[in-house]
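In what follows, every chain begins at residue 1, and chains take the letters A, B, ... in the order their sequences are listed.
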Protein chains: 2
Amino acid sequence: MATIYEVSELAGVSLATVSRVVNGTAKVRQSTKDKVEAAMRELGYRPNTIAQSLASNRSNSVGILVPELIGPFYGALLSRIESLFRAAGKHVIIAAGHSDAELERDSIEFLQSRHCDALILHVESVSDDYLVALAESECQFALINRRVAAISERCITLDNRLGGFLASEHLLALGHRNIGYISGPMWKQDAKERYAGHQQALMDFGVKENQHAFFEGDFQETSGVAGLQYFIEQRIPISALVCANDEMAAGALTAAHDLGISVPEQLSIVGFDNTNFSHYTFPKLTTIDYPIAEIGAMAARWVLAHVYQKPGEPLVSSFQPKLVQRHSTFAARRESA
Amino acid sequence: MATIYEVSELAGVSLATVSRVVNGTAKVRQSTKDKVEAAMRELGYRPNTIAQSLASNRSNSVGILVPELIGPFYGALLSRIESLFRAAGKHVIIAAGHSDAELERDSIEFLQSRHCDALILHVESVSDDYLVALAESECQFALINRRVAAISERCITLDNRLGGFLASEHLLALGHRNIGYISGPMWKQDAKERYAGHQQALMDFGVKENQHAFFEGDFQETSGVAGLQYFIEQRIPISALVCANDEMAAGALTAAHDLGISVPEQLSIVGFDNTNFSHYTFPKLTTIDYPIAEIGAMAARWVLAHVYQKPGEPLVSSFQPKLVQRHSTFAARRESA
DNA sequence: TTGAAAGCGATACCAG
DNA sequence: CTGGTATCGCTTTCAA
């Protein structure tokens with residue numbers, strides 16, 4: 001591979017000049033520029049990104065840390081982020097944190113050791129303090145799906161509370177009064193907020209929450225089946241069920257089939273996230289749309305604007321979820337029936 | 001961040017010596033080594049990977065090119081590959097080719113410009129010749145899910161033909177004789193092979209293929225619904241349906257529900273891939289397991305062995321799919337009934 | 001076993 | 001507008 005040195009020689013100009021035409025960092029006379037470009041073409045020159053990074057102290061790479069690479073959720077995020085950065089000539093380095101504090105810290109260090117210009121973090125286990133400290137070091141990063149007050153200008157989130165509210169409001173409006181709730185792990189911020197939204201909706205409709213109609217799951221399918229089984233065994237009377245994500249909703253749906261409970265006639269179910277499989281279920285899942293790809297895109301724009309000085313459309317830091325009504329929810333039977 | 005220079009000064013040794021203890025490239029007296037390590041610890045030294053790359057001409061990064069980041073399939077692949085390389089101190093740079101020849105080539109160039117030490121390619125549109133030429137350049141890469149004779153030592157594949165065979169054999173053994181087939185785009189190698197396996201099974205059972213019971217889909221859910229609709233409209237009599245992937249099977253399942261066809265009683269359906277949502281469907285999908293994560297792991301091992309001289313377990317280049325029997329298939333009704 | 005010094009391929013500052 | 005040159009942080013001969 002040709003180096004900048006060979007190009008400068010062939011074009012009969014200095015190293016510095018070649019660098020200028022490559023980067024467009026300063027004015028160069030058109031005729032010189034032409035010579036240089038001809039030389040570059042002739043040699044098939046392509047700048048060595050590694051050398052560029054070392055000299056410029058910028059790696060043109062951004063690190064992305066998500067909980068999992070597998071599963072229906074983060075793919076959409078990564079996909080969007082990758083294509084945006086790709087178009088900007090940056091590349092993404094991807095790591096998985098597996099919702100484990102130590103692994104998350106490791107991953108961040110790993111990404112930093114790779115000299116990423118910026119990070120996009122979707123972390124759940126690491127403490128707020130850690131993130132604040134990280135922000136105080138010279139590390140540039142955007143935080144997804146988590147709001148930390150001290151660094152809120154870097155946070156891009158979904159209004160999870162509103163999402164939880166919408167899910168339950170939908171059911172309440174349909175006439176349901178006995179609503180079960182299968183939550184995510186309550187140590188996770190989003191799980192907590194979604195649940196808070198649920199409670200808010202109950203309150204707004206003047207419905208008293210049945211403390212027993214709550215089951216703490218783990219966002220996995222299996223806890224969806226466990227949750228529904230629990231409610232049935234405990235004879236908790238419910239005509240509707242909100243699950244804090246689609247996986248658990250799918251699990252509950254399966255359990256309902258197995259228990260001979262027909263959905264939505266006997267039991268309405270609503271999920272959360274609108275993952276790609278939510279319309280593969282039967283009946284198709286009513287759920288809350290989580291615009292994860294948009295959020296990823298926004299994080300990418302944040303980086304482009306703050307780190308690469310490429311301002312684009314204005315940044316928005318909070319997104320609104322909305323209800324996607326499909327076939328797993330149904331009007332409650334009249335009590336008089 | 002401390003540099004190697006500062007470490008050498010603090011430890012009272014030369015740059016070269018520090019480099020030696022960092023890389024273990026040569027014997028260093030234990031006492032010197034201790035001094036150096038103490039100094040490194042004191043300064044929190046971490047080598048600058050960019051400088052290492054420039055000097056050593058190795059980037060410790062491997063590029064992964066897959067068709068899509070989104071969707072249920074490649075996440076599993078990426079996940080496994082990432083964790084294997086991470087453990088080996090390498091990082092992965094990920095790009096998407098979107099099944100488009102130009103984009104695939106672009107992506108490969110992009111990855112090369114990033115000076116990846118090796119690539120792992122899952123490409124479908126680029127020609128065999130291109131890949132052979134690429135192999136003849138100095139580029140190191142492993143090819144996933146595609147067999148190119150001239151470079152077969154770099155190929156890691158699933159026996160798609162066997163998979164197609166197993167799917168249809170299962171149905172035939174269940175007594176089905178009118179079997180519809182919804183294939184992937186026939187220009188894709190895997191789609192062709194799966195179909196060939198299907199034909200083989202029919203032949204083995206002495207069943208004549210109904211040419212009209214074939215529908216060419218595009219591996220997307222929508223073509224699954226289109227396919228089943230087509231068979232029904234054309235009044236092609238089928239009691240079973242094999243779909244060349246799970247997405248299309250899920251689509252066919254949905255269509256069956258909508259058309260009032262009960263699965264599996266009136267129609268058995270088998271998918272292919274065993275994607276993570278295949279047990280969210282109702283009934284749960286019988287399918288062919290595609291050990292995509294294992295295949296990814298093998299590709300990673302190939303790279304570790306061939307590029308980084310870290311031999312591990314022996315390499316295998318072809319994987320066997322197997323049938324995963326769930327609830328979407330059922331014995332054919334006796335003809336006499 | 002250790003040190004000195006020459007790169008690796010760019011960037012960027014300082015003159016001219 | 002262009003050239004010279006120091007520099008980025010590390011690896012890798014070559015000698016000692």
When all nucleic acid strands are considered with a 4.0 Å heavy-atom cut-off, which category describes [X]: base, sugar-phosphate, or nothing?
X       : answer
B:Val13 : sugar-phosphate
A:Asn57 : nothing
A:Thr32 : sugar-phosphate

Within the pair [X] and [N], is there a side-chain N or O less than 4.0 Å away from OP1 or OP2?
X       : N      : result
A:Ser19 : C:dA10 : no
A:Tyr45 : C:dA10 : yes
B:Ser14 : C:dA4  : no

On DNA chain C, does the nearest nucleotide to B:Lys33 precede the nearest nucleotide to A:Asn23 from the 5' side, or the other way round? Give the residue.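 The residue mapped nearer the 5' terminus is B:Lys33.
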May I ask you to decide whether B:Lys90 forms a salt bridge with B:Asp117, counting only side-chain N to carboxylate O separations under 4.0 Å? no
Salt-bridged, B:Glu313 to B:Arg301, with N to O below 4.0 Å?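 Answer for the salt bridge query: yes.
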d([atom1], [X]; [atom2], [N]) in whole Å:
X       : N      : atom1 : atom2 : value
A:Asp34 : D:dT2  : CG    : P     : 11 Å
A:Ile50 : C:dA10 : CD1   : P     : 11 Å
B:Met40 : D:dG9  : CE    : C1'   : 15 Å
B:Asn48 : C:dG9  : CG    : P     : 17 Å
A:Tyr5  : C:dT11 : OH    : C1'   : 17 Å
A:Asn60 : D:dC8  : CG    : P     : 20 Å
A:Leu54 : C:dA10 : CG    : P     : 12 Å
B:Lys35 : C:dG3  : NZ    : P     : 8 Å

Does any part of the side chain of B:Lys33, heavy atoms only, come nearer than 4.5 Å to the side chain of B:Thr17, both counted from C-beta? no
So do the side chains of A:Ile144 and A:Leu121 get within less than 4.5 Å of each other, counting heavy atoms only?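 Sidechains of A:Leu121 and A:Ile144: no contact.
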Check against side chain to side chain donor-acceptor pair (under 3.5 Å), B:Arg154 and B:Ser317: CA-CA 8 Å; B:Arg154 305 167 176 245; B:Ser317 71; over 6 Å; no
Indicate, yes or no, whether a donor-acceptor pair under 3.5 Å links the base of C:dG3 to the side chain of B:Arg20.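 Side chain to base: pair found, below 3.5 Å.
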As a test of reading the structure: which of [options] is closest to the side chain of [X], going by heavy atoms?
X       : options               : answer
B:Ala16 : D:dC10, D:dG3, C:dG3  : C:dG3
A:Ala51 : C:dA10, D:dT11, D:dC1 : C:dA10
A:Ala55 : C:dA10, D:dG9, D:dT12 : C:dA10
A:Arg29 : C:dT11, D:dC1, C:dC8  : D:dC1
B:Thr17 : C:dT11, C:dT2, D:dG9  : C:dT2

Residue pairs meeting ring-ring contact (aromatic ring centres under 6.0 Å, His included), one or both in residues 72-109 of chain A, sequence neighbours left out, come to A:Phe73-A:Tyr290, A:Tyr74-A:His122
